[in-house]
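Below is one structure, written out as structure tokens, with a few remarks after it.
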Amino acid sequence: MMKAKEIKETRNMSLEQLNGKLNDLKKDLFMLRMQHATNQLDNPMRIVAVRKDIARIKTIIREKETNV
């Protein structure tokens with residue numbers, strides 16, 4: 001889960017960097033879901049945290065797109 005400092009840093013990123021981070025988070029989410037399906041995931045709340053981070057990144061991307 002992102003901390004306040006990380007969110008501020010994320011807001012200063014370019015659209016290319018944000019899209020790259022979004023792709024990384026989506027890959028992480030896929031791997032977490034695979035681990036959960038095979039009962040290898042230790043902390044299922046990690047899936048929730050990654051989903052929220054994805055939502056935050058998408059929100060920031062949308063804000064940048066509408067402000068330009």
Side-chain angles (χ1 to χ4, degrees):
M1 184 146 218
M2 288 186 173
K3 296 180 180 165
K5 182 179 178 183
E6 293 175 6
I7 293 171
K8 287 180 183 178
E9 292 173 0
T10 305
R11 289 195 178 277
N12 294 328
M13 290 180 166
S14 68
L15 281 175
E16 295 165 357
Q17 291 172 323
L18 288 169
N19 284 322
K21 188 166 184 159
L22 181 63
N23 286 335
D24 291 342
L25 287 170
K26 285 183 177 182
K27 288 177 187 175
D28 289 345
L29 182 61
F30 175 77
M31 293 306 294
L32 289 170
R33 285 182 175 163
M34 290 297 292
Q35 289 176 358
H36 185 66
T38 58
N39 291 326
Q40 296 176 350
L41 186 61
D42 294 332
N43 184 5
M45 291 304 294
R46 179 80 178 115
I47 293 174
V48 175
V50 172
R51 287 180 61 209
K52 287 183 179 182
D53 289 344
I54 289 172
R56 282 189 190 98
I57 297 292
K58 284 185 173 183
T59 301
I60 294 170
I61 289 172
R62 183 68 181 145
E63 287 173 354
K64 287 184 179 275
E65 288 175 347
T66 58
N67 289 337
V68 173

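In this chain, numbering begins with 1 at the start of the sequence shown. Computed from heavy atoms alone, side chains included, the values below leave out hydrogens, waters and symmetry copies.
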For the atom pair [atom1] ([X]) and [atom2] ([Y]), what is the distance rounded to the nearest 0.5 Å?
X	Y	atom1	atom2	answer
Asp28	Asn23	CG	CG	11.0 Å
Leu29	Asp24	CG	CG	12.5 Å
Leu22	Ile61	CG	CD1	5.0 Å
Ile60	Arg11	CD1	CZ	4.5 Å

Practice task
Identify, with sequence neighbours excluded, every residue that meets side-chain contact (heavy atoms from CB on, under 4.5 Å) alongside Ser14.
Solution key: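 Here the qualifying residues are Glu16, Gln17.
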Problem - Lys27: side-chain contact (heavy atoms from CB on, under 4.5 Å) partners, not counting sequence neighbours - result: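 side-chain contact (heavy atoms from CB on, under 4.5 Å) list for Lys27, sorted by chain: empty.
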Problem - Glu6/Lys3 salt bridge by N-O under 4.0 Å criterion - result: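 Result for this pair is no, no salt bridge flagged.
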Can you list, pair by pair, the side-chain donor-acceptor contacts under 3.5 Å of residues 34-53, counting residues two or more places apart and other chains?
unit_1	atom_1	unit_2	atom_2	d
Thr38	OG1	Met34	O	3.1
Thr38	OG1	Gln35	O	3.2
Asn43	OD1	Met45	N	3.2
Asp53	OD1	Met2	N	3.3
Asp53	OD1	Arg56	NH1	2.9

Exercise for the section: Establish whether Ile7 and Leu25 are linked, either directly or via other cluster members, by ILVMFWY side-chain heavy-atom contacts under 4.5 Å. Expected result: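 Yes.
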